[in-house]
Amino acid sequence: MPEGPEIRRAADALAAAVVGVPLAGAWFAFDALKPYARRLRGRRIEAIAPHGKALLTRFDNGLTLYTHNQLYGVWRVVDAGQRPASSRALRVALETAHKGILLYSASDIEIWPSARVHEHPFLARLGPDVLDPALEEAAVAARLVAPRFARRALAGLLLDQGFLAGLGNYLRAEILWQARLAPSRRPVDLDTDACAALAQALLGVPRHSYRTRGRPRGGQLQDTPFRFRVFERTGEPCERCGTPIEKRAQGGRPLYLCPRCQR
DNA sequence: CTTTAAACCTGCTGGC
DNA sequence: TGCCAGCAGGTTTAAA
């Protein structure tokens, strides 16, 4: 049930297990995909790359597997031949001689020609991936004030995958707190400094989450572990000013904020 | 044009 | 223990 950082971490783990190794077998639960299983045996996975919250698994025969986990899809890495007991429905299994990657529960699963996968109706509308290392703050600041985004309230804008791909409900709350902005603010109302602070938080908070959320990777931690400052902390004191964190419904989902620091 | 509500996919939690 | 309602970090669609 991930946002961009969790998807990217999952992609890293999947890629480390199977990229570049010939597939001993492929299996799909959905009838429409079953014919592809034969065509994938013996082929290699060239890359497993996230686009926002979607995942693209590219094979060396010109095909790409598109998957989106929505709230409930889960990928697992297992030893070859293993199918752990689970109440979840297995939807995809890709196995090499050593490792297997299994997708459970997800319902958005398609196979496209790699050359045209970016025409996928969902992918075609995505903004830049917020975790793309090449994405710079200046570009984000410019995007904020672009005509199609500038007049929209930040509460809705930050959840729009067409603005930046990979943000979700916890990142929205944490970014707005970090930038000290109320969710009702609009880019067009922000001065240059506030806009720059927002752009910095839009990139910095997801990147920090990607680096540090969950179990530390590769031994030692590089910096302070990610923790929520406002998300699901209703009533607890704001770490900056001590005011109790509030929970509001906005855009049909819970939004947590400090009513004092976020103006 | 922007925002909101409802619906859908599936899984989990808490109450009865 | 079993069932159901409600909710969830997502997305789309229609309507206000």
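Per chain, numbering begins at 1; letters A, B, ... match sequence-line order.
Comparing C:dC7 with B:dA5, their P atoms are spaced 14 Å from each other, to the whole Å. On the P atoms, B:dC1 is 23 Å away from C:dT11, given to the nearest whole Å. Comparing C:dG6 with B:dA6, their P atoms are spaced 13 Å from each other, to the whole Å.
Heavy atoms of A:G168 sit under 4.0 angstrom from primed sugar atoms or phosphate atoms, though from no base atom. If you check every strand for non-hydrogen atoms under 4.0 Å, A:A155 touches nothing.
At a cut-off of 3.5 angstrom, the base of C:dG10 holds at least one donor-acceptor pair with the side chain of A:R253.
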Convert the base pairs of DNA chain B into dot-bracket notation, remembering that pairs crossing earlier ones are written with [ ] and that bases paired across to another strand are shown as |; include only Watson-Crick or G-U pairs under 3.5 Å. .|||||||.|||||||
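Distances from the side chain of A:R88 to the nucleotides C:dG10, B:dT10, B:dC12 place B:dC12 closest. Relative to the side chain of A:R186, the nucleotides C:dG10, B:dT2, B:dT10 differ in distance, and B:dT2 lies closest. In this structure, of C:dA8, C:dG9, B:dG11, it is C:dG9 that holds the atom nearest to the side chain of A:E6. With C:dA8, C:dT11, B:dT2 as the candidates, the nucleotide lying closest to the side chain of A:L71 is C:dA8. Side-chain proximity of A:R125 to B:dT3, C:dT12, B:dC12: nearest is C:dT12. Distances were taken from every side-chain heavy atom of A:Y170 (C-beta onward) to each of C:dG10, B:dT3, C:dG9; the shortest belongs to C:dG9.
Contacts classified as side chain to side chain donor-acceptor pair (under 3.5 Å) and involving residues 40-49 of chain A (residues at least two apart or in different chains) are given here: A:R43-A:D60, A:E46-A:R58.
Between A:Y104 atom OH and B:dG11 atom C1' the separation is 15 Å, expressed in whole Å.
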